[in-house]
Amino acid sequence: MIWNKVETVSKDELHAIQSERLIKTVNRVYDNVGYYRKKMDAQGILPGDIKSIDDLSKLPFTDKYDLAENYPFGTFAAPMSEVVRFHASSGTTGKPKVAGYTRNDLAVWSECVARCLTMAGMTKEDMLHVAFGYGLFTGGFGLHQGSELIGAATIPVSGGNTERQITILTDFKPTYLCCTPSYALYIASELERMGKSKEDLNLKAGIFGAEPWTDEMKAEIEKKLGLKAYDIYGLTEITGPGVSMCCDENNGLHVCADHFVPEIINPDTLLPEGDNTVGELVFTTISKEAFPLIRYRTRDLTSIDSSPCACGRTSPRMARIMGRSDDMLIIRGVNVFPSQIESVILKSSDVAPYYMIYVDREGLLDTMKIKVEMNSELFSDEVKKIEAVERKLRHDIESVIGISASVELVEARTLPRFEGKAKHVIDNRKLYK
Ligand code: ADP
Ligand code: ZN
């Protein structure tokens, strides 16, 4: 099922929609936001120079530093009397970014989330358990609004209090769950600890996002909770969750490109990249009123595929996010993404899917230590067996990331659990990226 016909329009039709909306947005920001006017003037670009979406790359970029300089409301393009809601980024990296929404902005956001939920097969017959946090974070409200628009029965549980989450999951028997992938795993392990299993639930599917996760993590969650897992992506600056979502074909996340136009750029040269080349994801919002963004550098790394999808949607698809450029660790000169390490750990059946990466510097040398929880069978095994598993993990991790790291297996349930976004890396080098 497809929520909105616009998801299936031809390339030409999408081009026309995007062009018309971009022109409107460029005029809006030029007329209302000093920041954009100055930037465009400095580059000698006038709104009239933008004649279609093909002119997008003539426009200047915006990044999180620009937002910090104009914090909190300096880039808003609507008067405060039109603003009906605020959200702010969770501040994972730096100063929070504040988003304002007009009534229409909220309607567009809900519409995009409704498309996403429909992609996961959700209808008004379903019941959605929202375990994303409600508050300044966009996760809870975002999924909630889209779910109500579809007409599904929506449970605003919010994050935390995992025992209560499980009581609701087993008593209300929702058919859909949404939260971060790491919280889904935590819920699964608490379920087990409470002597219950997926048989006590009625979940068909889960909609997970807000942090990078791997295919291995997806498989683990699907197995433990007995559901089909879908990936939802978004960021506060652009609107919140619902910017893109994977369909049943599981070949990338369909972007709501009639509202948010994606580009991939090479982060060094800032030049646009073609399809299927990994680079930094950049978005231009073309229907937002309060907080439009022109060529916003997300720092998320992915690629775009604009070929049509077997599901019938024609919207461009982004590959699963590899990570943020801010998350990339440079260890002894080698680029390492925590997701590469996660893939290896989750492939091993001797360890649990909980790990922490500690980076340090001894003298002039960077060191990396990875602590991984053993599963209960391994824990009761001989030391020799435990050492063999450690050796194997060390070897497998080294062959994936290209540098050595020490691996220490620790007792079950001793590493931190996360109710929202996970934090897997502690970098003690005090280097600045
Ligand atoms: P913060 O930057 O403080 O975490 P947000 O809560 O707005 O602020 O989070 C947005 C970011 O979360 C994205 O830029 C991206 O890095 C990450 N993210 C969101 N959804 C996904 C997803 N499905 N896969 C990977 N990363 C995601
Ligand atoms: Zn599809």
Side-chain angles (χ1 to χ4, degrees), residues 1-11 13-18 21 87 99 101 103-128 130 132 138-154 175-179 204-210 228-262 281 283-289 302 304-321:
M1 251 194 347
I2 289 173
W3 177 256
N4 190 323
K5 281 208 290 285
V6 76
E7 297 169 75
T8 62
V9 292
S10 69
K11 277 202 166 33
E13 282 169 286
L14 182 61
H15 187 274
I17 295 172
Q18 288 180 329
R21 291 182 179 171
H87 281 284
Y101 302 76
R103 220 177 273 289
N104 192 54
D105 292 336
L106 288 184
V108 168
W109 183 16
S110 306
E111 153 70 24
C112 292
V113 175
R115 292 181 197 175
C116 296
L117 297 177
T118 308
M119 254 181 252
M122 211 171 112
T123 70
K124 67 192 290 283
E125 306 301 327
D126 284 298
M127 193 191 286
L128 174 67
V130 184
F132 274 125
T138 49
F141 277 95
L143 271 293
H144 187 108
Q145 295 156 180
S147 174
E148 283 195 350
L149 182 61
I150 285 185
T154 312
T175 46
Y176 281 73
L177 164 68
C178 61
C179 56
K204 281 198 288 208
I207 293 157
F208 306 119
K228 185 162 165 45
Y230 291 84
D231 193 3
I232 190 164
Y233 168 87
L235 62 167
T236 313
E237 298 91 302
I238 301 307
T239 194
V243 172
S244 67
M245 165 92 181
C246 73
C247 68
D248 272 326
E249 301 298 321
N250 199 23
N251 58 5
L253 291 81
H254 286 280
V255 180
C256 295
D258 54 321
H259 296 300
F260 317 118
V261 181
L281 180 61
F283 275 112
T284 300
T285 71
I286 50 173
S287 41
K288 274 170 63 174
E289 297 173 340
T302 182
I304 299 268
D305 182 349
S306 36
S307 65
C309 178
C311 74
R313 291 176 183 83
T314 49
S315 38
R317 283 164 288 129
M318 33 185 270
R320 182 187 283 286
I321 299 279

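- Without hydrogens or angle criteria, Thr302 side chain to Ala319 main chain gives a donor-acceptor distance under 3.5 Å.
- Taking all atoms of both residues into account, the shortest heavy-atom contact from Leu128 to Leu143 is CD2-O, 4.1 Å.
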Worked verdict on Ile2 versus Thr118 for side chain to side chain contact (heavy atoms under 4.5 Å, CB included): CA-CA 6 Å; Ile2 289 173; Thr118 308; 5.8 Å; no

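- Ring geometry for Trp109 versus Tyr101: interplanar angle under 30°, hence parallel rather than tilted (30 to 60°).
- Once rounded to the nearest 0.5 Å, the distance linking OG1 of Thr8 with CZ of Arg313 reads 9.0 Å.
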Full working for side chain to side chain contact (heavy atoms under 4.5 Å, CB included) between Ile207 and Met245: CA-CA 9 Å; Ile207 293 157; Met245 165 92 181; 4.2 Å; yes

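- Here CD1 of Ile150 is found 11.5 Å from NZ of Lys124. Values are rounded to the nearest 0.5 Å.
- Annotation: side chain of Thr239 is not in contact with side chain of His259 (no heavy-atom distance under 4.5 Å).
- Residues Arg21 and Ile286 approach most closely at CB-O, 3.2 Å, considering heavy atoms.
- Of all the heavy atoms in Leu281 and Pro262, the pair that sits closest is CD1-CB, 4.2 Å.
- To the nearest 0.5 Å, the span separating CE on Met119 from OG on Ser315 amounts to 6.0 Å.
- With rounding to the nearest 0.5 Å, the separation of CG in Asn4 from CD in Glu111 is 4.5 Å.
- Atom CD in Glu7 sits 9.0 Å away from atom SG in Cys112 (nearest 0.5 Å).
- Residues Pro241 and Val113 approach most closely at O-CG2, 3.3 Å, considering heavy atoms.
- In summary, Lys288 and Asp105 do not engage in a salt bridge, as defined by a charged side-chain N under 4.0 Å from a carboxylate O.
- Atom CE of Met127 and atom OG of Ser147 lie 10.5 Å apart (nearest 0.5 Å).
- Of the possible polar contacts, none joining the Tyr176 side chain to the Leu117 backbone as a donor-acceptor pair under 3.5 Å is found.
- Between the side chain of Arg317 and the backbone N or O of Asn251 there is at least one donor-acceptor pair closer than 3.5 Å.
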Pair Cys178-Phe208, side chain to side chain contact (heavy atoms under 4.5 Å, CB included): steps then yes or no: CA-CA 6 Å; Cys178 61; Phe208 306 119; 5.7 Å; no

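- Of all non-hydrogen atoms in Val108 and Ser287, the two that sit nearest each other are CG1-OG, 4.2 Å.
- Between Thr154 and His144, the side chains place no donor N or O within less than 3.5 Å of an acceptor N or O (distance only, hydrogens not considered).
- Asp248 is linked by a side-chain hydrogen bond (donor to acceptor under 3.5 Å, both in side chains) to Tyr230, counting only residues two or more places apart in sequence or in another chain.
- Thr314 places a side-chain N or O within 3.5 Å of a backbone atom of Val9 that can act as its donor or acceptor partner.
- Across all their heavy atoms, Phe132 and Gly209 have their closest contact at CE2-O, 3.7 Å.
- A side-chain contact (heavy atoms from CB on, under 4.5 Å) with His254 is found for one member of Cys309, Cys116, Cys246 and no other, namely Cys309.
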